[in-house]
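Following: one structure in structure tokens, then a few remarks.
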Amino acid sequence: MKIVSWNVNGIRARIDAVAAFLERNEPDVLGIQETKVVDDDFPFEELGRLGYQVSLAGQPAYNGVAIASRMPLTDVKVGLFDDGPDAEKRLIAVTTGGVRVVCTYVPNGKSVELPSFQEKLRFLERLRTTLDVTASPDAPLVLLGDFNVAREARDVYDPQAFAGRLHFHPDEHRALDRVLAFGLFDAYRALHEDAGRYSWWDYRSGDFRNNRGLRIDYLFVTQGLRDRLRSAVIDVEPRREPKPSDHAPVMIELDLG
DNA sequence: ATGGTCGAACCTCGA
């Protein structure tokens with residue numbers, strides 16, 4: 001089973017790029033972040049033509065998450081365990097092909113001294129609790145998405161400049177480590193030790209051209225799935241195209257026999 | 001050089 005995480009930065013602006021990626025790679029499941037569209041305007045037909053069904057949680061202009069799968073989607077659950085009715089649409093969970101897939105878009109946090117940063121940390125705490133109350137580390141589960149946190153120095157193009165700043169702050173590291181302590185493993189890191197492999201580059205200042213990026217998009221898997229990991233790839237090709245998302249898709253392959 | 005570039009919807013915000 002091939003599973004992808006991709007922050008598309010607007011599904012309507014990116015539908016052709018997404019379709020091209022799906023045709024090239026034929027993943028079974030695609031977790032999408034930052035759809036930036038209300039449910040009624042989501043491009044279901046384009047994905048349907050390629051054989052994908054979609055579960056989604058959209059809102060106007062900002063945020064929005066979706067999961068597309070070639071297999072039936074069941075037990076769809078939107079939001080963190082304690083989300084109120086007006087919560088931003090940042091998490092959707094489904095079961096497909098026997099795997100629980102949780103797709104999330106963690107708040108950016110804006111800047112470490114602002115209230116938004118504390119909300120980001122709280123989101124990660126609440127994400128851990130959501131896993132605790134709805135899932136088991138002994139079952140096949142993939143938690144994927146844009147976490148807006150680079151975990152290690154090798155995930156940052158200039159670790160000294162980023163030290164203590166947004167995306168690379170010790171409080172963010174502790175909060176994300178708490179999520180992983182549920183019983184999850186970073187699929188890309190389980191297979192690759194290399195530095196300089198990023199999933200996001202700022203649109204500005206030629207950052208992609210100069211590989212000034214961060215690895216902030218992850219697929220985290222439970223132990224049983226880690227033992228069945230066959231590959232993990234960050235596909236930078238879509239980032240090279242005209243009108244790209246600022247994020248690259250990350251894909252894993254699981255041998256589920 | 002405190003810059004720069006996107007998407008969505010609106011004349012600005014969030015990233």
Side-chain angles (χ1 to χ4, degrees), chain A residues 5-21 30-44 46-47 54 56-66 83 86-91 103-124 127 144-151 155-158 160-169 171-172 175-176 198-218 234-250:
Chain A
S5 177
W6 196 1
N7 180 325
V8 299
N9 189 19
I11 187 65
R12 287 172 292 176
R14 219 66 63 206
I15 186 59
D16 291 347
V18 170
F21 175 85
L30 171 65
I32 309 170
Q33 303 89 40
E34 283 209 89
T35 56
K36 293 187 172 182
V37 69
V38 295
D39 291 358
D40 286 347
D41 293 337
F42 189 94
F44 294 102
E46 290 85 342
L47 294 182
V54 179
L56 76 173
Q59 65 177 80
Y62 303 113
N63 309 310
V65 285
D83 267 354
D86 298 329
E88 295 179 333
K89 296 296 191 282
R90 293 182 176 276
L91 186 137
C103 172
T104 190
Y105 172 48
V106 173
N108 170 286
K110 290 191 173 75
S111 187
V112 298
E113 69 276 7
L114 297 177
S116 287
F117 186 72
Q118 298 304 318
E119 288 166 28
K120 177 183 195 174
L121 300 178
R122 276 201 298 277
F123 183 96
L124 288 165
L127 174 56
L144 61 83
D146 174 3
F147 290 80
N148 268 312
V149 179
R151 301 191 57 220
D155 300 321
V156 180
Y157 73 90
D158 187 346
Q160 288 192 324
F162 271 84
R165 307 195 65 178
L166 190 70
H167 301 303
F168 197 58
H169 188 285
D171 291 347
E172 290 172 303
L176 186 52
Y198 308 129
S199 65
W200 172 86
W201 303 259
D202 197 296
Y203 282 121
R204 296 169 288 192
S205 309
D207 278 8
F208 178 69
R209 196 174 59 246
N210 296 296
N211 199 30
R212 292 192 290 255
L214 305 174
R215 194 173 72 96
I216 56 176
D217 300 87
Y218 304 100
I234 304 173
D235 184 3
V236 298
E237 292 309 316
R239 189 64 175 80
R240 298 187 202 282
E241 298 291 323
K243 302 275 288 177
S245 168
D246 45 353
H247 295 254
V250 186

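In the text below, chain A, chain B and the rest are named by the order of the sequence lines, each starting its count at 1. As the structure is a computational prediction, the values presented were derived from the model and not from experiment.
Between A/H169 and A/F117, the two ring planes are perpendicular [angle over 60°; tilted spans 30° to 60°].
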* For A/Y105 and A/L91, run side-chain contact (heavy atoms from CB on, under 4.5 Å): C-alpha distance rounded to whole Å, both residues' side-chain angles, the deciding distance at 0.1 Å, then the answer. => CA-CA 6 Å; A/Y105 172 48; A/L91 186 137; over 6 Å; no
* Evaluate the criterion side-chain hydrogen bond (donor to acceptor under 3.5 Å, both in side chains) for residue pair A/N9 and A/Y203; output intermediate values, then yes/no. => CA-CA 12 Å; A/N9 189 19; A/Y203 282 121; 3.1 Å; yes
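Between B/dC6 and A/K243, no contact under 4.0 Å exists linking OP1 or OP2 to a side-chain N or O. In this model, the phosphate group of B/dC6 is not approached by any side-chain N or O of A/R204 to a distance below 4.0 Å at OP1 or OP2. Look at A/R12 and you'll find a side-chain N or O under 4.0 angstrom from OP1 or OP2 of B/dA9.
Looking at the side chain of A/Y203, the nearest of the listed nucleotides B/dA8, B/dA15, B/dC6 is B/dC6. Taking every side-chain heavy atom of A/Y62 into account, B/dG14 is the closest of B/dA15, B/dG14, B/dA8. Relative to the side chain of A/Y105, the nucleotides B/dA15, B/dG7, B/dG4 differ in distance, and B/dA15 lies closest. The A/A61 side chain lies nearest to B/dA8 when the options are B/dA8, B/dA15, B/dC6.
A straight line from CD1 of A/I15 to C1' of B/dA8 spans 17 Å, rounded to a whole angstrom.
Inspection of the A/W200 and A/D217 side chains reveals no N or O donor paired with an N or O acceptor under 3.5 Å.
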